[in-house]
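Notes follow once the structure below has been shown.
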Amino acid sequence: MKAEELASAGMKRGRASVSARPAPLIRHLGVTDYATSWEAMRRFTAERGASAPDELWVLEHAPVYTSGIAGRSEHFPRTSPIPLVRSDRGGQITYHGPGQAIVYTLVDLERRRLTVRGMVVLIEQAVIDTLARHGVSAETKTGAPGVYVEGAKIAALGLRVRRGGCYHGVALNVDMDLAPFSDIDPCGYPGLAVTQTSAHGVAAGVQELGEALARRIAQLLEVR
């Protein structure tokens with residue numbers, strides 16, 4: 001699906017809503033090209049109306065490295081056939097690939113009276129809650145956004161804010177090839193260990209956990 005089709009589908013539904021703060025819509029997009037998803041998020045945010053529902057896009061990406069606006073080249077892969085995309089999100093470099101549950105959060109922060117930091121905390125809590133339902137104890141680290149299990153990073157996040165709304169979101173490692181992380185300094189931290197849910201006895205797959213994470217984010221947005 002092209003970027004304009006992804007974005008316009010959400011815009012059409014948004015114009016149909018008359019609620020002051022409609023419940024978030026969860027959309028399942030399967031395996032989607034990173035650049036296409038990025039352009040669709042930017043288009044959606046630029047064109048959404050005041051009554052458009054927030055959307056949570058659940059998907060996976062083909063192998064790709066992405067760097068945030070502050071990305072520093074010393075953290076990049078030395079040699080790799082995996083493409084690198086410099087995006088407009090916050091944060092340093094990370095890796096996306098099959099077996100990783102991604103939830104992009106297209107949320108009107110002003111309407112929900114959320115700060116950027118408040119949105120980051122909400123996403124982190126949603127990951128912690130989702131993992132707890134599967135018997136995995138997770139935590140955050142001061143000054144290092146994301147979620148960690150036994151000191152290893154299991155979920156990375158980064159946001160961009162435009163016109164009072166955010167996009168990009170969170171990536172939860174489920175059952176993937178972690179080797180590409182060894183070619184970078186994940187999130188700008190040399191030697192940072194990474195892990196995934198399958199390594200902690202979680203049988204649920206990427207689709208189930210992506211859905212569960214999106215639903216928990218939606219629930220936390222609604223109880224504010």
Side-chain angles (χ1 to χ4, degrees), residues 3 6-7 10 14 21 24-27 29 32 34-48 52-61 64-72 75 84-96 100-130 138 140-148 153-173 186-189 192 210 213-224:
L6 285 174
R21 199 176 78 175
L25 297 174
I26 298 175
R27 303 178 63 199
L29 304 179
T32 306
Y34 182 82
T36 300
S37 301
W38 176 23
E39 176 57 29
M41 288 188 285
R42 295 175 64 187
R43 184 186 296 269
F44 179 94
T45 302
E47 298 178 359
R48 67 181 297 175
D54 295 327
E55 295 202 3
L56 305 173
W57 295 359
V58 183
L59 50 90
E60 296 175 72
H61 286 312
V64 63
Y65 290 115
T66 68
S67 174
I69 53 177
R72 296 166 58 181
H75 302 307
L84 168 63
V85 178
R86 290 177 176 265
S87 77
D88 61 349
R89 62 165 174 79
Q92 294 284 332
I93 190 168
T94 193
Y95 169 72
H96 300 304
Q100 183 185 64
I102 296 173
V103 181
Y104 285 139
T105 55
L106 292 86
V107 175
D108 187 332
L109 299 180
E110 290 186 356
R111 184 169 62 193
R112 292 189 179 274
R113 298 181 180 179
L114 266 171
T115 63
V116 177
R117 178 58 187 160
M119 186 65 192
V120 168
V121 170
L122 185 150
I123 294 171
E124 291 174 332
Q125 189 60 53
V127 174
I128 291 171
D129 293 347
T130 301
T140 59
K141 289 186 178 182
T142 302
V147 177
Y148 301 78
K153 197 161 197 174
I154 199 167
L157 63 92
L159 299 174
R160 171 73 174 182
V161 177
R162 294 179 64 189
R163 299 180 66 239
C166 72
Y167 57 100
H168 291 293
V170 60
L172 173 64
N173 302 336
C187 303
Y189 295 95
L192 178 67
L213 178 55
R215 288 191 178 279
R216 187 55 182 156
I217 292 172
Q219 289 169 354
L220 292 179
L221 285 170
E222 287 295 277
V223 299
R224 286 189 49 77

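By convention here, the first residue in the shown sequence is residue 1. For the numbers below, each heavy atom of this structure counts, side chains included, while hydrogens, waters and symmetry mates do not.
Using a 4.5 Å cut-off on side-chain heavy atoms (C-beta onward), His61 and Thr66 make no contact. Arg112 is listed as a side-chain neighbour of Pro24, based on a closest heavy-atom distance under 4.5 Å. Leu221 is listed as a side-chain neighbour of Met119, based on a closest heavy-atom distance under 4.5 Å. For the pair Val161/Glu110, no side-chain contact is recorded, criterion being any heavy-atom separation below 4.5 Å from C-beta on. Between Thr32 and Trp57 the shortest side-chain heavy-atom distance does not fall below 4.5 Å. Contact check for Leu29 versus Ser37: no side-chain heavy atoms found under the 4.5 Å cut-off.
Under the side-chain contact (heavy atoms from CB on, under 4.5 Å) criterion, Arg117 pairs with Thr115, Val120, Val121, Glu124, not counting sequence neighbours.
The shortest non-hydrogen separation linking Tyr189 to Gly143 is OH-O, 3.4 Å. Counting all heavy atoms, side chain and backbone alike, Val103 lies closest to Gly210 at CG2-O, 3.9 Å. Taking both residues in full, the closest heavy atoms of Val127 and Ala155 are given as CG1-CB, 3.9 Å, listed atom of the first, atom of the second, then distance. Taking both residues in full, the closest heavy atoms of Gly146 and Lys153 are given as CA-CE, 3.9 Å, listed atom of the first, atom of the second, then distance. Minimum heavy-atom separation, Arg86 to Trp38: O-CH2, 3.3 Å. Taking both residues in full, the closest heavy atoms of Leu56 and Ala214 are given as CD1-O, 3.2 Å, listed atom of the first, atom of the second, then distance.
Note on Asp129 versus Arg215: no salt bridge recorded, every NZ/NE/NH1/NH2 to OD/OE distance being 4.0 Å or above.
Between Ile154 atom CD1 and Ile128 atom CD1 the span is 11.0 Å, to the nearest 0.5 Å. With rounding to the nearest 0.5 angstrom, the CG atom of Leu106 is 9.0 Å from the CZ atom of Arg27. Here the straight-line distance linking atom CE of Met41 with atom OG1 of Thr105 works out to 8.5 Å at 0.5 Å rounding. For the atom pair CD of Glu222 and CD1 of Ile217, the computed distance is 13.0 Å after rounding to the nearest 0.5 Å.
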- Should Leu159 and Ile123 be marked as a side-chain contact (heavy atoms from CB on, under 4.5 Å) after you check the CA-CA gap, both sets of side-chain angles, and the distance that decides it? CA-CA 11 Å; Leu159 299 174; Ile123 294 171; 4.1 Å; yes

- Ile102 and Tyr34: CA distance, side-chain angles, deciding distance, side-chain contact (heavy atoms from CB on, under 4.5 Å) verdict: CA-CA 11 Å; Ile102 296 173; Tyr34 182 82; over 6 Å; no

Side-chain donor-acceptor pairs of residues 162-173 under 3.5 Å, sequence neighbours excluded:
residue : atom : partner : partner atom : Å
Arg163  : NH1  : Thr45   : O            : 2.6
Arg163  : NH1  : Ala46   : O            : 3.1
Tyr167  : OH   : Asp88   : OD2          : 2.4
His168  : NE2  : Asp88   : OD1          : 2.7
Asn173  : OD1  : Gln100  : NE2          : 2.9
Asn173  : ND2  : Thr195  : O            : 3.0

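Between the side chains of Ser87 and Arg160, no donor-acceptor pair of N or O atoms lies under 3.5 Å.
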